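These notes concern the structure reproduced below.
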Amino acid sequence: MADKKIQLSGDQLLAVLAALDNPHRLRIVAALSSGGRNYVSQLARDLGISRPLLHLHLQKLEGAGLVSSQLELSQDGKALNYFEVNSFNLALTPELVAEAVQSLARNPES
């Protein structure tokens, strides 16, 4: 399946770059990419990090649109929050940066 080309605003580009600027988050994306969707407890065990820390990183990735989640009930009635990586293809070029700067909402002084 081909990745769809999307137009990122300046703020969206910053969110994506910030979300990927962490080794834990890179490992999360890699694990979900290679292993498929997974629920928080199992993913935490697979990555060797605590569930609260994993959840914080997943929130950052989800906020940037890089992963998505779905709450499901197991057969024994437990709620499991499954995460999967969203398909993305970001070609970071000077032209992309120049275009994204035009739509920045944030004041660079803040």
Side-chain angles (χ1 to χ4, degrees):
M1 174 180 10
D3 292 320
K4 60 183 176 182
K5 182 106 172 155
I6 58 171
Q7 188 87 14
L8 292 177
S9 72
D11 292 330
Q12 290 168 324
L13 178 60
L14 286 175
V16 167
L17 293 175
L20 293 174
D21 184 24
N22 182 284
H24 287 303
R25 291 192 288 268
L26 289 177
R27 285 188 200 95
I28 293 166
V29 170
L32 292 173
S33 177
S34 63
R37 69 186 218 121
N38 208 341
Y39 62 98
V40 173
S41 294
Q42 183 61 50
L43 190 57
R45 285 190 292 272
D46 292 349
L47 295 171
I49 62 176
S50 70
R51 286 189 334 213
L53 179 60
L54 174 63
H55 200 268
L56 289 173
H57 289 302
L58 285 167
Q59 284 178 326
K60 183 86 169 184
L61 289 166
E62 192 169 27
L66 299 174
V67 302
S68 54
S69 66
Q70 184 172 352
L71 196 59
E72 297 180 14
L73 289 179
S74 67
Q75 290 184 357
D76 63 357
K78 287 176 80 174
L80 300 175
N81 199 7
Y82 280 89
F83 281 84
E84 63 186 335
V85 70
N86 295 329
S87 180
F88 63 91
N89 183 356
L90 178 63
L92 191 58
T93 65
E95 294 80 16
L96 174 75
V97 172
E99 191 172 311
V101 164
Q102 300 304 315
S103 64
L104 279 174
R106 298 187 183 141
N107 180 349
E109 299 298 316
S110 57

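Reckoned from all heavy atoms, side chains included, excluding hydrogens, waters and symmetry mates. For clarity, every value in this text was computed on a predicted model and none was experimentally measured.
Shortest non-hydrogen contact noted between Ala18 and Arg25 is O-NH2, 3.2 Å. For the residue pair Gln42 and Asp46, the shortest heavy atom distance occurs at NE2-OD1, 2.7 Å. Across all their heavy atoms, Ala64 and Ala15 have their closest contact at CB-O, 3.6 Å. Of all heavy-atom pairs between Tyr39 and Leu80, the closest is CD1-CD2, 4.0 Å. Residues Leu92 and Leu13 share a closest heavy-atom pair of CD1-CD1, 4.3 Å. Annotation for Leu71 and Ala79: closest pair CD1-CB, 4.2 Å, computed over non-hydrogen atoms.
Cluster membership check: Tyr82 does not share its hydrophobic cluster with Val29, using side-chain heavy-atom separations under 4.5 Å among Ile, Leu, Val, Met, Phe, Trp and Tyr. Note: the hydrophobic cluster containing Leu61 also contains Leu26 (ILVMFWY, side chain heavy atoms under 4.5 Å, direct or indirect links).
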Test side-chain contact (heavy atoms from CB on, under 4.5 Å) on Leu66 and Val85 and set out the steps.
CA-CA 6 Å; Leu66 299 174; Val85 70; 5.6 Å; no
Glu84/Leu32 under side-chain contact (heavy atoms from CB on, under 4.5 Å): CA gap, chis, key distance, verdict
CA-CA 6 Å; Glu84 63 186 335; Leu32 292 173; 5.6 Å; no
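Asn81 places no side-chain N or O within donor-acceptor distance of the main-chain N or O of Val40, the cut-off being under 3.5 Å. The main-chain N or O of Gly10 is found under 3.5 Å from a side-chain atom of Ser103 such that the two form a donor-acceptor pair. Arg37 contributes no side-chain N or O that, together with a main-chain N or O of Ser68, makes up a donor-acceptor pair within less than 3.5 Å.
Within the model, atoms CG of Leu43 and CZ of Arg27 stand 12.5 Å from one another, a figure rounded to the nearest 0.5 Å. Separating the CG atom in Asn38 from the CZ atom in Phe83 is a distance of 11.0 Å, to the nearest 0.5 Å. Here the straight-line distance linking atom CD1 of Ile28 with atom CG of Leu54 works out to 5.0 Å at 0.5 Å rounding.
Between His24 and His57, the ring planes lie tilted relative to each other; the angle falls in the 30° to 60° range.
Of the N and O atoms on the side chains of Ser74 and Asp76, at least one donor lies less than 3.5 Å from an acceptor on the other residue.
Applying side-chain contact (heavy atoms from CB on, under 4.5 Å) to Leu20 and the options Asn22, Leu17, Val16 leaves one that passes, Val16.
Atom CZ of Arg51 is surrounded by 12 or fewer heavy atoms from other residues, nucleotides or ligands within 6.0 Å.
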